[in-house]
2 protein chains.
Amino acid sequence: MPSKPLTPFQRESIDLFVGAFAVLSLPRSLGEIYGLLYSSEEPLAFDDFVTRLDLSKGSVSEGLRLLRSLGAVNLLPVEGSRKDHFIAETSLRKLAGGYLRDRIEPYLRGGESRIESLRKVSATDPELNDFQQKRINQLLSWHRFFARVLPVFKALAGKI
Amino acid sequence: MPSKPLTPFQRESIDLFVGAFAVLSLPRSLGEIYGLLYSSEEPLAFDDFVTRLDLSKGSVSEGLRLLRSLGAVNLLPVEGSRKDHFIAETSLRKLAGGYLRDRIEPYLRGGESRIESLRKVSATDPELNDFQQKRINQLLSWHRFFARVLPVFKALAGKI
DNA sequence: AGCAGAGTTCGATTATTTTTGAACAATTCG
DNA sequence: CGAATTGTTCAAAAATAATCGAACTCTGCT
């Protein structure tokens, strides 16, 4: 039984973030946790998520860990309590930055070497080299594009 | 039995796109189909995907349909054949644009009304209005941010 | 019309991801 | 120290998503 029922504002916020997280293919429980935190003025303790969202301790533990690693949730020491308390990160730069850092950039960083190995195998097939060269060059230019645009995006997000 | 085995260049390309599609949480079969097409100079027929990638007709049918709806694959009439033939779309603007249009923008378009209903429920809870107002305003500014940045991103992608 | 080839549909199967829950630390308090 | 509280871990269950494949439709050909 949830000790403290969710307010309408909280329910709506949770809905909103569940949807937003779904756009990024992130699980519902993450959206619920972040949504509740975002719509709560006070820091929340571990147990609040379990009781008010009716999630298992395991889900909350994993969920908070992932959100913390994304930089979407911050641990906040609360004096007089030995429970962990959490608040939502609300800087768009940090939110977007964390997502990009953990989900997008790792693949992008590996991109050059993947294209390099394409070039290697292409060398063993002299017949199609012209076409293959075109493809490889295009992949390189796509890679450069993303490598340039991501920092710009982050910088813009920092202005919000 | 695959009639024509994949070249090393094709295998590497498929790997690359399977990974890239995975970043966007798109299924492996889509990455395989697009990767094979991207690395093939000639247009490919439906059956080529089935035999060379060892996928079921069902998967290929669904996969090509989704890729076409994303604008990542184009149908190409080949004279003298009544089979459908396909070529890869390689304009970054169209590729990125299609993804954004189908996956991101629909949620963004619904954003204003979701924020509006947040405002509505907030009105019924006068106590926390200050905090809630701050959150709502922030959500609005995030929404404006994305609504502005996406077109810029598309425009930049058009320059590649 | 009847047949063959080409592709689609969709219920069933398989694979993957998410969530649970119970056992297990770790820490604090009496 | 021993009990209680807090949170983590991870194997198993549940939920979800992807893939398959057989039946079907559609089109063109003879």
Side-chain angles (χ1 to χ4, degrees), chain A residues 1-3 14 17-37 43-70 73-86 102-103, chain B residues 1-3 14 17-37 43-70 72-87 102-103:
Chain A
M1 72 211 73
S3 57
I14 290 168
F17 281 105
V18 165
F21 278 58
V23 169
L24 307 176
S25 303
L26 293 173
R28 150 172 292 267
S29 65
L30 290 195
E32 294 182 359
I33 292 171
Y34 186 81
L36 176 57
L37 207 51
L44 298 184
F46 186 95
D47 208 49
D48 294 326
F49 299 104
V50 175
T51 58
R52 297 163 82 173
L53 295 173
D54 194 28
L55 292 171
S56 71
K57 289 201 293 173
S59 288
V60 171
S61 182
E62 290 281 334
L64 284 171
R65 175 150 62 117
L66 215 158
L67 288 171
R68 248 182 304 162
S69 85
L70 282 176
V73 156
N74 296 120
L75 202 44
L76 180 82
V78 164
E79 58 176 312
S81 169
R82 71 177 169 114
K83 295 187 187 183
D84 292 348
H85 282 73
F86 302 89
D102 287 10
R103 302 267 153 159
Chain B
M1 73 208 78
S3 56
I14 290 168
F17 281 105
V18 166
F21 278 58
V23 169
L24 306 176
S25 303
L26 294 173
R28 149 172 292 269
S29 64
L30 290 195
E32 294 182 359
I33 293 170
Y34 185 81
L36 175 58
L37 207 51
L44 297 183
F46 186 95
D47 208 50
D48 293 326
F49 299 104
V50 175
T51 58
R52 296 163 84 174
L53 295 172
D54 194 27
L55 292 171
S56 70
K57 289 200 293 173
S59 288
V60 171
S61 181
E62 289 281 336
L64 284 171
R65 174 150 62 115
L66 215 157
L67 288 170
R68 249 182 302 161
S69 85
L70 283 176
V73 156
N74 296 120
L75 202 44
L76 180 83
V78 165
E79 58 177 311
S81 168
R82 74 178 167 110
K83 293 189 188 184
D84 292 348
H85 282 72
F86 302 89
I87 55 171
D102 286 11
R103 301 268 155 159

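A note on names: the letters A, B, ... follow the listed sequences, proteins ahead of strands, and every chain is numbered from 1. We use all heavy atoms of the structure for the numbers below, so side chains are in, but hydrogens, waters and symmetry mates are not.
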From CD (A:E62) to CG (A:L30), nearest 0.5 Å: 9.5 Å
Nearest-angstrom distance from the residue atom NZ of A:K57 to C1' of D:dG7: 7 Å
Euclidean distance, atom NZ of residue A:K83 to atom P of D:dA4 [Å, nearest integer]: 17 Å
Closest nucleotide among C:dT19, D:dC20, D:dT8 to the B:L55 side chain: D:dC20
Side chain to side chain contact (heavy atoms under 4.5 Å, CB included) between B:R103 and B:L26, intermediate numbers included: CA-CA 11 Å; B:R103 301 268 155 159; B:L26 294 173; 3.6 Å; yes
Length of the line joining A:F46:CZ and C:dA26:P, which is rounded to integer Å: 17 Å
Separation between CG of A:D54 and CZ of A:F49, rounded to the nearest 0.5 Å: 14.5 Å
Distance in Å, B:L75 CG paired with B:D84 CG, rounded so as to fall on 0.5 Å steps: 5.0 Å
Closest to the B:R82 side chain, choosing from D:dT27, C:dG7, C:dA23: D:dT27
Residues within residues 25-32 of chain A bordering DNA chain D, heavy-atom distance below 4.0 Å: none
Interatomic distance, B:F21 atom CZ to B:E32 atom CD [nearest 0.5 angstrom]: 11.0 Å
B:F49 CZ - C:dT8 P separation (whole Å): 12 Å
Nearest-angstrom distance from the residue atom CD1 of A:I33 to P of D:dG7: 13 Å
Atom-to-atom span, CG of A:D47 to P of D:dT6 - whole angstrom: 7 Å
Spacing of A:D84 atom CG relative to C:dT28 atom C1', expressed in whole Å: 14 Å
Atom-to-atom span, CZ of A:F21 to P of C:dT19 - whole angstrom: 12 Å
A:L55 side, atom CG; A:S61 side, atom OG - distance, nearest 0.5 Å: 12.0 Å
Over 12 non-hydrogen atoms of neighbours within 6.0 angstrom of CZ in B:R28: no
Name of the residue among A:V73, A:L36, A:L44, A:D48 meeting side-chain contact (heavy atoms from CB on, under 4.5 Å) with A:F86: A:V73
Value rounded to 0.5 Å, distance of OG1 in A:T51 from NZ in A:K57: 12.5 Å
Of residues 58-69 of chain A, the positions that come close to DNA chain D - non-hydrogen atoms, cut-off under 4.0 Å: A:G58, A:S61, A:R65
